[in-house]
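What follows is a single structure, written as structure tokens, with notes after it.
All values below come from the heavy atoms of this structure, side chains included, with hydrogens, waters and symmetry mates left out. Within every chain, numbering begins at 1; the chains are lettered A, B, ... in the order of the sequence lines, protein sequences first and strands thereafter.
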There are 2 protein chains.
Amino acid sequence: MKDNNDMPGHLARRFQQIAVAVFLAEVEDAGFDLTPVQYAALATIKANPGLDQVTLAGLIAYDRTTITGVIDRLVQKGLTERRASSRDRRARELEITDEGRKTLRAITPAVEAAQRIMLRGLTDKEANELTRLLRKAIAAGNELSRAPLREAPT
Amino acid sequence: MKDNNDMPGHLARRFQQIAVAVFLAEVEDAGFDLTPVQYAALATIKANPGLDQVTLAGLIAYDRTTITGVIDRLVQKGLTERRASSRDRRARELEITDEGRKTLRAITPAVEAAQRIMLRGLTDKEANELTRLLRKAIAAGNELSRAPLREAPT
DNA sequence: TACTGATGGTCAGTATACTGATCAATATTG
DNA sequence: CAATATTGATCAGTATACTGACCATCAGTA
């Protein structure tokens, strides 16, 4: 019988588990308290000032119900501002604060180190291949989860 | 600046997200209600009758605090029994029930189909390579998360 | 054997994820 | 333009994950 630990789904879970642990450890060592999810959201807000939550969710493939809580915490930490949109009164426009910008800048080396550490068992060539294959598999399965990647509108 | 969607950690998250969604969809289509985590635990209990929770956690690389809830739900669904160990009164011995065995057998095709679907964007060769690279990266990072894989004792 | 340290399990608290519902506001269309 | 459909955001509920603490028990040692 096929071992559980040979199934792609199980391997995906384990790799992600390690990736998150490494990320949190590196970021904490650097003196910050930010989760992978919060980091991705913050970086995306910086790159797309004024975007609304649904667009943000699409850009990083998060469920929109998850985004609400993530932004809550980024706002609470003073890294992001959420204000009502003037164009669409349902929407919230997101902006990064100066504090958020500073944090993002300071945290980048730790985030990059984390990426290297989670792949430390692989050669550079293997690491590139893994990344390529993950990207390809994800592209093919994009529509299969509730939170597919969406290009920015306009 | 490097895009978020190019980082291995982010790709890990997305792939896992898709893997879980595919798993749940296939299993539900087959008429069952079991999560990936519950499935892995159940299969491992069947393969190692009478094991305790910490050992189970080690065999599938789960945090032991997570196991408590997972077993709660398996017991509540009537798929697993949890009884006090006679050898060590701290420990709980886990057994699969007949119902659990039946479920496991009936659900296997759906689980295997899910593995194929989550890799549908890759050729067979690429799928094998992805699996190999994940396994290798995971082996190297095993000790980096709070829930490393542990061989069975004895 | 009494003490100390390690171990199995649980719990409280926090942070993703997702299902499905709801509300307000915008778009669409007959 | 009124009825309908869609959309942005949130919420309640459930299921992983993890941190750190705790208790009962076991194991090793002085």
Side-chain angles (χ1 to χ4, degrees), chain A residues 9-10 12-14 16-25 28 33-41 51-58 60-74 76-77 82-94 144-148 150 153, chain B residues 9-10 12-14 16-25 28 33-41 51-58 60-74 76-77 82-94 144-148 150 153:
Chain A
H10 200 258
R13 194 190 137 278
R14 291 239 280 139
Q16 213 254 331
Q17 198 167 24
I18 291 167
V20 171
V22 168
F23 184 102
L24 292 175
E28 189 186 343
D33 170 33
L34 212 65
T35 67
V37 165
Q38 288 165 16
Y39 171 81
L51 85 175
D52 64 290
Q53 295 185 190
V54 167
T55 304
L56 170 59
I60 48 186
Y62 287 12
D63 193 285
R64 71 191 202 288
T65 64
T66 301
I67 285 286
T68 299
V70 174
I71 300 299
D72 281 350
R73 289 179 278 279
L74 285 177
Q76 205 223 316
K77 288 177 181 176
R82 169 161 49 189
R83 41 171 154 28
S85 165
S86 47
R87 285 175 286 99
D88 184 339
R89 278 184 307 170
R90 290 169 304 182
R92 307 301 160 86
E93 284 176 0
L94 304 172
L144 300 179
S145 88
R146 176 164 141 164
R150 299 282 182 226
Chain B
H10 200 258
R13 195 190 135 277
R14 290 240 278 139
Q16 212 255 332
Q17 197 167 25
I18 291 167
V20 171
V22 168
F23 184 102
L24 292 175
E28 189 186 343
D33 170 32
L34 212 66
T35 67
V37 165
Q38 289 164 16
Y39 170 81
L51 85 174
D52 65 288
Q53 296 185 189
V54 166
T55 304
L56 170 59
I60 47 184
Y62 287 12
D63 192 285
R64 73 191 203 286
T65 64
T66 301
I67 285 284
T68 298
V70 173
I71 301 298
D72 282 350
R73 288 180 279 279
L74 285 177
Q76 205 223 315
K77 287 176 181 176
R82 168 160 52 188
R83 39 172 156 27
S85 165
S86 47
R87 286 175 288 98
D88 184 339
R89 278 185 306 169
R90 291 169 304 181
R92 309 300 162 85
E93 284 177 1
L94 304 173
L144 299 181
S145 88
R146 175 163 141 164
R150 299 281 182 225

With R87(B), which residues qualify under side chain to side chain donor-acceptor pair (under 3.5 Å), at least two apart? E93(B)
Do nucleotides 8-21 of chain C as a string where each nucleotide becomes B, S or -: B if the base has a protein heavy atom under 4.0 Å, S if just the sugar-phosphate does, - if no protein is that close. SBBB---SSBBBBB
Could you list the residues that satisfy side chain to side chain contact (heavy atoms under 4.5 Å, CB included) with R90(B), not counting sequence neighbours? D88(B)
Need the pair for dA30(D). Rule: Watson-Crick or G-U wobble, both distances under 3.5 Å, any strand; none if unpaired. dT1(C)
Under the rule for side chain to side chain donor-acceptor pair (under 3.5 Å), what residues qualify as partners of R150(B), not counting sequence neighbours? E143(B)
Under the side chain to side chain contact (heavy atoms under 4.5 Å, CB included) rule, collect the residues that match up with D63(B), sequence neighbours excluded. T65(B), T66(B), R146(B), A147(B)
Side-chain N or O of R89(B) less than 4.0 angstrom from OP1 or OP2 on dC26(D)? yes
R14(B): partners by side chain to side chain donor-acceptor pair (under 3.5 Å), with sequence neighbours left out: N142(A)
